[in-house]
Amino acid sequence: MNYANMLSVAFAEAQSGFAEGGVPVGAALFDATGKLLGRGRNRRVQDNDPSAHGETDAFRNAGRQTDYRDKILVTTLAPCWYCSGLIRQFTIGTVVVGESVNFEGHLDWLKDAGVKVIEMNDADCVALMRRFIEQSPQLWFEDIGECT
């Protein structure tokens, strides 16, 4: 499985979100063969929807699946509690994480539930999120549910 190619789909979504003035988190859902099922990005700002995270957008865009255990969710940033809950609720089998430097997420909680977590430590993902946090700290803290 070429996780770098999969991550490039999610990263393109993150870049689009950043260009739109939103939070640059992109995601994509793939089947066990690597076929793209859905892609998305954090649209909290663009859609004025606090539930429109990158992972949830990709999940929704993939449409109904009968089983998620063999699915691969790729995200540019370690998932928050909300998105981690989605992963556990639907028993998504594998999560590929672009970076967990700027936000550690809840990877141990996912691993404890049997989710295979692959951390890519991608420099482009780290740099894009770092740039966003520096430019829009208040939006970043809103996104992760912290008061400034």
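For clarity, every value in this text was computed on a predicted model and none was experimentally measured.
- Minimum heavy-atom separation, Ala27 to Gly54: CB-O, 3.4 Å.
- A donor-acceptor pair under 3.5 Å is absent between the side-chain atoms of Ser84 and the main chain of Trp81, judged by distance alone.
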Name each donor-acceptor pair under 3.5 Å that joins a side chain in residues 85-97 to protein atoms two or more places apart or in another chain, with its distance.
from	atom 1	to	atom 2	distance (Å)
Arg88	NH1	Trp109	O	3.2

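- The environment of Asn48 atom CG is sparse: at most 12 non-hydrogen atoms of other residues, nucleotides or ligands sit within 6.0 angstrom.
- Looking at Asn2, its side chain does come within 3.5 Å of a backbone N or O of Ala4 through a donor-acceptor pair.
- Among residue pairs with one or both ends in residues 50-61, those qualifying as salt bridge (Lys or Arg N to Asp or Glu O under 4.0 Å) are Arg43-Asp57; sequence neighbours excluded.
- A donor-acceptor pair is defined here as one N or O able to donate and one able to accept, closer than 3.5 Å; no such pair exists between the side chain of Glu104 and the backbone of Val101.
- For residues 11-22, every residue pair satisfying the side chain to side chain donor-acceptor pair (under 3.5 Å) rule, not counting sequence neighbours, is listed here: Glu13-Arg39, Glu13-Arg41, Glu20-Arg41, Glu20-Gln46.
- Checked against side chain to side chain contact (heavy atoms under 4.5 Å, CB included), Asp31 has the following partners two or more places apart in sequence or in another chain: Thr33, Lys35, Leu37, Lys71.
- At a threshold of 4.5 Å between side-chain heavy atoms, the hydrophobic network of Ile, Leu, Val, Met, Phe, Trp and Tyr places Tyr3 and Val25 in two separate groups.
- Taken to the nearest 0.5 Å, the SG atom of Cys80 stands 6.0 Å off from the CZ atom of Phe103.
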- Query: Hey, mind stepping through Leu77 and Glu99 against side chain to side chain contact (heavy atoms under 4.5 Å, CB included) and telling me if it holds?
  - Reply: CA-CA 5 Å; Leu77 185 66; Glu99 71 108 338; 3.4 Å; yes
- Message: Please evaluate residues Cys83 and Phe59 with respect to the criterion side chain to side chain contact (heavy atoms under 4.5 Å, CB included), reporting the C-alpha separation (whole Å), side-chain torsions for both, the decisive distance (0.1 Å), and the verdict.
- Response: CA-CA 10 Å; Cys83 296; Phe59 181 79; over 6 Å; no
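- A single hydrophobic cluster is not seen to contain both Leu36 and Leu29; linkage of ILVMFWY side chains at heavy-atom distances under 4.5 Å, directly or through other members, places them apart.
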Only distances under 3.5 Å count here; give the side-chain donor-acceptor pairs of residues 110-133 to other protein atoms, sequence neighbours excluded, each with its distance to 0.1 Å.
from	atom 1	to	atom 2	distance (Å)
Glu119	OE1	Ser100	OG	2.7
Asp122	OD2	Asp124	N	3.0
Asp122	OD2	Cys125	N	2.9

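- Remark: the backbone N or O of Ala52 is not paired with any side-chain donor or acceptor of Thr56 at under 3.5 angstrom.
- Across every non-hydrogen atom of Pro137 and Gln135, the tightest pair is CD-C, 3.5 Å.
- Hydrophobic clustering (ILVMFWY, side-chain heavy atoms < 4.5 Å, transitive): Ile144 and Val23 are in one cluster.
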- Task: Go through the steps for Tyr68 and Leu73 under the test side chain to side chain contact (heavy atoms under 4.5 Å, CB included), then give the verdict.
- Result: CA-CA 10 Å; Tyr68 292 90; Leu73 180 65; over 6 Å; no
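- Residues satisfying the side chain to side chain donor-acceptor pair (under 3.5 Å) criterion with Thr76, sequence neighbours excluded, are absent altogether.
- Side-chain contact between Asn42 and Asp143 is present, with at least one heavy-atom pair separated by less than 4.5 Å.
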